[in-house]
Amino acid sequence: MRLRGWAWLALSSLILGPLAGETRPHYGGTLTVEFSTVDAGTALSIPIAETLVRINARGQIEPCLAVAWQHDPDFKRWRFSLRPKVTFHDGEALTGARAVPALLAALKQKYSDVSIEAGGQAIVVQSEHAMPELLQVLALPASAVSRKSDTGATIGTGPFRVTAWEPGRRMVLSAFDDYWGGRPFLDAVSIEFGSARGHADLFDIPVGPARRILPEGLATWSSEPRTLVAILGANADPVLPALALAIDRAPIVNVLAQHKGDAAFGLLPQWLSGYAFLFQSTPDVTRAKQLASQLRLGEMRLTYPSNDLFLRSMAERVALNARDAGIAIRPTPGGTGNLRLLEWPIESTDAADGLKHIAELMGAGDRANRLDSAKPETWYELERSLLDEHRIIPLVYLRETYGIAPRVHFQPSPSDPFTLHLEDAWLQP
Amino acid sequence: VSFRTKVFLSITATVVLAVWIVAAVVSTLVTQSFERRDAQRTRALVSQLQREFDRRGADVARRVEAVAGSDQVQRMAVNLGAKLDTSQYFAEAQALAQEQSLDFLELVGPDAAIISSAEWPARFGYKEDWLAQPVDWKTQGFFLKKEELADGSAFGLITVRAVKAGEGTLYVVGGQRLDKEFLESLPASEGMRLQLYRNFEALPSPEPLGSKLAADLVKEVRRQPRELTRVSDAATITALPLRGRDNQLLAILLIENSRTELASLKKYIQGTAAAVGVAGVLLALMLSFWTASRVTRPLRDLASSVREVAGGNWDTRASVVSSDEVGQLARDFNGMTEQLREQRDRMIQAERVAAWRELARRLAHELKNPLFPLQITIENLQRSRDATPEQFDEVFRESTTTLLAELGHLKTIIGRFSDFAKMPAPQLEPVDINHVAREVLQLFEAQLRTPGQPAVETKLQLEADPGQVPADPEQLRRALRNLVLNALDAMPQGGTLLVRTSRHDGKVAVEVSDTGEGLTPEECDRLFTPYYTTKQHGTGLGLAIVQSVVSDHKGTITVHSEPGQGTTFRIELTT
């Protein structure tokens, strides 16, 4: 029986061994990446530079280049302990002094009186004002610790280093063998910008009217909705409730966004706030007509970024829906108008932080002070009040979608619904 | 107006009329010819345009066929049949429309909902209910359709093709835009303008259509859709009604054919005709003048001769320069003049004889009357001396008295003849005619008041301000006196004598009227003939003297008389 058991074990190993080998990560290879625009997508993490802390998929702050931190009761003084034995791509060790310039430049955008002191592997951030959300700010990509080389390439501490850089056209990354988290699986990553051939191992599938024929067997990955598209009025306007009722979001999501998004009725997506379904409504053209008929309406201009075909088609669809309700809207590329069609990237996985960002863009940043990350009811109150102002009509939350060639694998599998991590990618030989 | 002028004007008028008629006829014929040519040209252009229109429509149908047969549409139809999601096709129409150069292309699902629209991409999901009608689209050609667009609406030449999609149908609706560019692409000739009036628009004022004629034409065709052509000086406009599938008037194609060139040519011809006409008229004027002069010269010579003859020059001869009617006339005139001259001489001779006879008769008559008493008286003297010598002295005294009286009478008669023979020339001076009239009447006042005289009432009607006339007052008084005497003689039974002065047209008139028995016309004709009298004892010199005085004063004397109504003599003198 024991012998028979070992025999079964040996046989199983013979049979399952190669199968297991298929899913086991391999080192080596060059991953090719294409971006349809001249910028990289926000959902694809290209780990060149790192931040002191980062927000995980659950929205929690976790250590990265900083391993520990403390703050005084007033949130005016923060002390960070840097991770030891971390080196930049050029071989220099990460110290507090070397991290200060990048951090100071990033934090000055948010806190004008901030000052940073460094001592060995410690950094002290101080300000006359409270900085309760400093960790969220430091988790943003803009707060990454990096330097610029003579050629303008970024020198960071991430798992990949820049070996070639042609701004707006091409970037080549190589695995950083001395990465503190361990060498990535890939030897190199070749990235092309402004290319829409779809022949790379990994490429973005832009949302919008441009139809793209995807290769056979191609897998796709979509992030959670991370961009809000909404109409923002110059002022509170009584026509906006009528317009909101006239707009049918389903065709926008299904046809214009090609299912790469969700209908938006609130400011934060459901996955981030958890209460977005409370704002859901159905289009009612009859009611919209009634509301519009009570107003003395002239033709309104709905402006959109002039080079954005997706927003243009959205603006035209909105104008068409509005016409059904007796509201005259002229879609206009660029310029100023009564209404603007805008995209708001949701850069944070923290709901309060994301909502605060939207409130600030709407000029209601002062009201965001009452937000408490631990109290969803404060998020809801602020979002409700912002929507009730009749200045904004959320339309759709967009996801970022990538086409992934069959030879590309991720270890672990993409579990982060927000970001695709290149350092986790490996290639099937 | 002289005869020459009349001839000149007649010839000129005839020539001008002839030129005008020729010009009018030429102009009319040219205009009619041009109108016919213009109408033919317009018909040809309209026909050509219609053919081109049909060709474009057929071309659109061919392209839509190509779209319907394309791999994309066939694959789409398969997916539709398999009830797969069609959202991925929403941009398909734009690519296909671009491939086939179609302005409009819609891919419509079996439920008549738009899957993809090239002309209005945002319109996906909206229904095209008209496609749900049972129509055999395969046999249906192109048709005109109003397409809704994001920025308004437009017309298109549309074709529909149906593609089998499972149990349903995928409709391919494609077309070409019928707009300004389309019209400009049509093979219009020079001077031709195409305009499209869209029937769903408010009727524009004449300015956008270019003319009131076009606007009126549009109104008329809208009221009763049919092909219509109207012509103005500037253009010929033909309106073609363009209808949709349901025969509804959707638009009106205005084909405006400029007549500028035509008008210019017509104007040139008319200008040339006018110039030729003017030249012809000028030539006619010269010819008329020459002809009139040539034709009327013998007549003028003849007229001159007539005037000469009328002026008393009876020896005048008209020159005979031709053998035609005018020459014959001149010859006849000369013959007639010769005869007249001979007759005049004979008449003068006869009148002279008659005058001498009349003078002799009058003298005999006038002298016979006093001579008879003289003879009786002398014979009485002789008988008295022989028979009664005692009474001879007394008889002698009576007889000598009678003889003296009769001799005196004879002397008076001789004096009158003598006076008439030697009428002096008038000594002119400013004379008040009223004053003369009053003086003359005063002379007769005593005579008229003498008992036994017929009762004659005198009336004097004088002009308030007759002015003064240049006259010899003595001769004027004499003439008036003779007229008053005549009037009194005409009223032996009494009556009314009226002396009246008046002034008008720069002339002063004095009239002497009686209420006598009046004169016959024959008497009136001879009244001023010397030695003619209607009275028993008149010399016939009184009125002859009056006429002589008036004539010497460059005046006129007229008589108006009717039997039983009296007679009025009127003297008119120039102031």
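Here the structure is a predicted model, which means the values were calculated and not measured. Throughout, protein chains are lettered first and strands after them, A, B, ... in sequence-line order, and every chain is numbered starting at 1.
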- Message: If the condition is salt bridge (Lys or Arg N to Asp or Glu O under 4.0 Å), which residues does B:E167 pass it with, not counting sequence neighbours?
- Response: none
- Query: How would you list, by chain and number, every residue that makes a side chain to side chain contact (heavy atoms under 4.5 Å, CB included) with A:Q290, sequence neighbours excluded?
  - Reply: A:R287
- Item | Contacts of type side chain to side chain contact (heavy atoms under 4.5 Å, CB included), residue A:L342, not counting sequence neighbours | A:L232, A:R340, A:W344
- Message: Please classify the contact of A:R330 with chain B as side chain, backbone, both or neither, using a heavy-atom distance under 4.5 Å.
- Response: neither
- Query: Between A:Q258 and A:V255, what is the shortest heavy-atom contact and its length?
  - Reply: NE2-O, 2.6 Å
- Smallest separation among heavy atoms of B:A58 and B:F142, with atom names: N-CD2, 3.9 Å
- Task: Identify the residues of residues 247-254 of chain A whose heavy atoms come closer than 4.5 Å to a heavy atom of chain B, ordered by number, or report 'none'.
- Result: A:P251, A:N254
- Query: What are the two closest heavy atoms between A:I205 and A:Y402, and how far apart are they?
  - Reply: CD1-C, 4.2 Å
